[in-house]
Amino acid sequence: QVQLVESGGGLVRTGGSLRLSCAASGRTFSSYAMGWFRQAPEKGREFVATINWSGDSTVYADSVKGRFTISRDNAKNTVYLQMNSLKPEDTAIYYCAASTRGTVTKVAYAYWGQGTQVTVSS
């Protein structure tokens, strides 16, 4: 069992930056691939980024590539999402999730956080 708690969301202007954190409980955090997903109003939950258990392999959605960076600190049981050059279309609730394998497919993620709101004003 893994429990996930996101933080770091907020209101930012276009072009600004935010850093999301996701703290995980449990001793097996380092054995999971971690992902970030987001859900905008009236839209489905979409993949943003994923990182493997060791942190040396990452995958990004095309919409965030070059602007967002996912990283993890296994000693702190935490995964991060650094978001730069934010756009209004990045506005969404951002969720972190844990999976036994790194994948862009949300159904492969067994554990989810409650989400943190990110709002980008124009």
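Side-chain atoms are counted along with the backbone in the values below, which use heavy atoms only and exclude waters and symmetry mates. Heads up: numbering here begins at 1 and tracks the sequence.
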(message) Just so I know, are the side chains of Thr105 and Phe47 near enough to count as touching, which here means a heavy-atom distance under 4.5 Å?
(response) no

(message) As an exercise, state the distance from SG of Cys96 to CD1 of Ile70, rounded to the nearest 0.5 Å.
(response) 9.0 Å

(request) Please indicate whether Gln3 has more than 12 foreign heavy atoms, meaning atoms of other residues, nucleotides or ligands, lying under 6.0 Å from its CD. (result) no

(message) Strictly by salt bridge (charged side-chain N to carboxylate O under 4.0 Å, His left out), give each pair with a member in residues 88-102 just once, sequence neighbours left out.
(response) Arg38-Asp90, Arg67-Asp90

(request) Give me the other members of the hydrophobic cluster that Val107 sits in, counting Ile, Leu, Val, Met, Phe, Trp and Tyr linked by side-chain heavy atoms under 4.5 Å, directly or via other members. (result) none

(request) With sequence neighbours left out, write down each residue that passes salt bridge (Lys or Arg N to Asp or Glu O under 4.0 Å) with Lys43, or none if nothing qualifies. (result) none

(request) Decide whether Leu20 and Val12 are clustered together by the hydrophobic rule: side chain heavy atoms of Ile, Leu, Val, Met, Phe, Trp, Tyr closer than 4.5 Å, transitively. (result) yes

(request) Find out whether Tyr32 and Thr100 are in side-chain contact, i.e. whether some heavy atom of one side chain is under 4.5 Å from a heavy atom of the other. (result) yes

(request) Could I get the full list of ring pair (Phe, Tyr, Trp, His ring centres under 6.0 Å) partners for Phe29, not counting sequence neighbours? (result) none

(request) Check whether Ile93 and Phe37 end up in the same hydrophobic cluster, where Ile, Leu, Val, Met, Phe, Trp and Tyr are linked by side-chain heavy atoms less than 4.5 Å apart. (result) yes

(message) Using the side-chain hydrogen bond (donor to acceptor under 3.5 Å, both in side chains) criterion, which residues pair with Ser71? Sequence neighbours excluded.
(response) none

(message) Determine whether a donor-acceptor pair (N or O, by modelled atom type, separation under 3.5 Å) exists between the side chain of Ser30 and the backbone of Asn74.
(response) no

(message) Looking at every non-hydrogen atom in both residues, tell me the closest pair between Ala98 and Leu4 and how far apart they are.
(response) N-CD1, 3.8 Å

(request) Scan for side chain to side chain donor-acceptor pair (under 3.5 Å) pairs involving residues 106-118, sequence neighbours excluded, and state none if there are none. (result) Thr50-Tyr109, Gln117-Thr119

(message) To the closest 0.5 Å, what do you measure between OG (Ser17) and CG (Leu86)?
(response) 6.0 Å

(request) Kindly state each residue pair satisfying ring pair (Phe, Tyr, Trp, His ring centres under 6.0 Å) with at least one member in residues 68-106, sequence neighbours excluded. (result) none

(request) Give me the other members of the hydrophobic cluster that Trp53 sits in, counting Ile, Leu, Val, Met, Phe, Trp and Tyr linked by side-chain heavy atoms under 4.5 Å, directly or via other members. (result) none

(request) Keeping to residues at least two apart or across chains, list the side chain to side chain donor-acceptor pair (under 3.5 Å) pairs with something in residues 5-15. (result) none

(request) Determine the minimum heavy-atom distance between Pro88 and Ser122, stating which atoms define it. (result) CG-CB, 3.9 Å

(message) Testing Thr91, Leu81, Leu18 one by one against Val118 for a side chain to side chain contact (heavy atoms under 4.5 Å, CB included), which residue passes?
(response) Leu18

(request) Any chance you could measure Met34, atom CE, to Thr78, atom OG1, to the nearest 0.5 Å? (result) 9.0 Å

(request) Any salt bridge (charged side-chain N to carboxylate O under 4.0 Å, His left out) involving residues 111-122? Give me the pairs, sequence neighbours left out, ordered by first then second residue. (result) none

(message) Quick check: closest heavy atoms across Ala40 and Ala92, and the distance to 0.1 Å?
(response) N-CB, 3.8 Å

(request) Enumerate the residue pairs fulfilling salt bridge (charged side-chain N to carboxylate O under 4.0 Å, His left out) with a member in residues 68-83, sequence neighbours excluded, ordered by first and then second residue. (result) none

(message) I'd like to check the side-chain hydrogen bond (donor to acceptor under 3.5 Å, both in side chains) partners of Asp56; sequence neighbours left out, ordered by chain and number.
(response) Asn52, Ser54

